[in-house]
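Structure first, then comments.
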Amino acid sequence: MINNDYRYTKYELKKPNKVEKKEEFKKEIRLRYPRKNFYSIISDQNGGYKEKFLDIYDNKCVYCGNGIENLSIDLFEIDHYVNKASFEKTIDAHKLENIYPSCRTCNRNKTSIFINDKTIYFNLLNPNLGIEKVFFRDSDFSIKINNTYIQDNFITHFYNELGLNNLTRRLDYLLLLLRGLAKKYKTNSQVEMVLNNSILLLQSKRNTYTQ
């Protein structure tokens, strides 16, 4: 295990108080849109709120940790944590508390996952509350399930369905690591150039893999 939250490299800052920031964001939106649902507002590519929403979550997918440095903003989607089909009224699924930024791969792979708010998994897998305790980043950069949950069928199903065990997750993390390292050595042009060339080569290699 190489850090406390598998979604972040050692060069990335995890901003605190995401729940509080989300509440402030909610108030900002409600001043302009008193009735329109949050999902529609934030999903709008031209509305400017998607960028602000991603910023609350450090411009990362809340499930795999891939960042906007690797993906264009178009490849980030707004995920319903509790599946829309679980709600009697769709409007309830669109509440701000139930939506999170997700890479397209995680969001679309997660459609078969039904997280019930009356079970332990609602908190365990919640991006704000506990998911970083369920999974960890191993020394080979792969995402793995913590020993406490390794025999849990639902956790394993979530892990497999989202493809958190895929090679691409390791490559995405390594790219973020190299980008952070390049920023660290920005004052050393030779080292920065070598790192940037490595990033380009790895990005090219990464793009040959399907999710």
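- One finds a salt bridge joining Lys60 and Glu12 here, because a Lys/Arg side-chain nitrogen approaches an Asp/Glu carboxylate oxygen to under 4.0 Å.
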May I have the step-by-step check of ring pair (Phe, Tyr, Trp, His ring centres under 6.0 Å) for Tyr121 and Phe154, ending in yes or no? CA-CA 8 Å; Tyr121 303 108; Phe154 189 88; 4.5 Å; yes
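- Between the side chain of Ser86 and the main chain of Val82, no donor-acceptor pair closer than 3.5 Å is present.
- For Tyr11, the side-chain contact (heavy atoms from CB on, under 4.5 Å) partners two or more places apart in sequence, or in a different chain, are Thr9, Leu177, Leu181, Lys184.
- Counting heavy-atom neighbours within 6.0 Å of Glu88 CD, excluding the residue itself, gives a total of 12 or less.
- Counting heavy atoms of neighbouring residues, nucleotides and ligands inside a 6.0 Å radius, atom CD of Gln151 does not exceed 12 of them.
- Taking the centre of each ring, Phe141 and Tyr173 come in below the 6.0 Å mark.
- For the 3.5 Å distance criterion, the side chains of Asn107 and Tyr63 fail to qualify, holding no donor opposite an acceptor.
- Considering CG of Leu162 and SG of Cys64, their distance stands at 8.5 Å, rounded to 0.5 Å.
- Looking only at distances, no side-chain donor or acceptor of Lys36 sits under 3.5 Å from a matching main-chain atom of Ile29.
- Put simply, the side chain of Arg170 gets close to the backbone of Asp140: a donor and an acceptor are under 3.5 Å apart.
- Without hydrogens or angle criteria, Asn166 side chain to Thr168 main chain gives no donor-acceptor distance under 3.5 Å.
- Ring geometry, Phe135 versus Phe158: the interplanar angle falls under 30°, so the pair is classed parallel (tilted spans 30 to 60°).
- For Tyr81 (side chain) and Phe122 (main-chain N/O), a donor-acceptor pair under 3.5 Å exists by modelled atom type.
- Checking side-chain atoms of Lys50 against main-chain N and O of Phe76 turns up a donor-acceptor pair under 3.5 Å.
- Linking ILVMFWY residues whenever their side-chain heavy atoms come closer than 4.5 Å, directly or via other members, places Ile56 and Tyr33 in the same cluster.
- Annotation: Lys95, atom NZ; neighbour count of heavy atoms from other residues, nucleotides and ligands within 6.0 Å does not exceed 12.
- Tyr100 carries Lys22 over the face of its six-membered ring, with the cationic atom under 6.0 Å from the centre and within 45° of the normal.
- Enclosure of atom CG in Asn147 is not indicated, since only 12 or fewer non-hydrogen atoms of other residues, nucleotides or ligands lie within 6.0 angstrom.
- A distance-only check finds no donor-acceptor pair linking the side chain of Arg104 to the backbone of Glu77 [under 3.5 Å].
- A side-chain N or O of Glu161 and one of Ser112 form a donor-acceptor pair less than 3.5 Å apart.
- Ser204 places no side-chain N or O within donor-acceptor distance of the main-chain N or O of Leu200, the cut-off being under 3.5 Å.
- The backbone N or O of Ser40 sits nowhere less than 3.5 Å from a side-chain atom of Ser43 that would complete a donor-acceptor pair.
- Atom NZ of Lys14 has more than 12 neighbouring heavy atoms from other residues, nucleotides or ligands inside a 6.0 Å radius.
- At a cut-off of 3.5 Å, with distance as the only test, no side-chain donor of Tyr39 or Asp79 sits close to an acceptor on the other residue.
- Side chain to side chain, Arg179 and Asn70 meet the donor-acceptor criterion of an N or O pair below 3.5 Å.
- Annotation: Lys205, atom NZ; neighbour count of heavy atoms from other residues, nucleotides and ligands within 6.0 Å does not exceed 12.
- The main-chain N or O of His94 is never found under 3.5 Å from a side-chain atom of Asn98 such that the two would form a donor-acceptor pair.
- With a 6.0 Å radius and a threshold of 12 heavy atoms from other residues, nucleotides or ligands, Asn153 has its CG atom at or below the threshold.
- Tyr49 has its ring centre no less than 6.0 Å from the ring centre of Phe38.
- Looking at residues two or more places apart in sequence or on another chain, you find a salt bridge (charged side-chain N to carboxylate O under 4.0 Å, His left out) between Glu23 and Lys26.
- Taking the charged nitrogens against the carboxylate oxygens, Asp5 and Arg7 do have a contact shorter than 4.0 Å, which makes a salt bridge.
- Donor-acceptor pairing under 3.5 Å is lacking for the side chains of Asn146 and Thr148.
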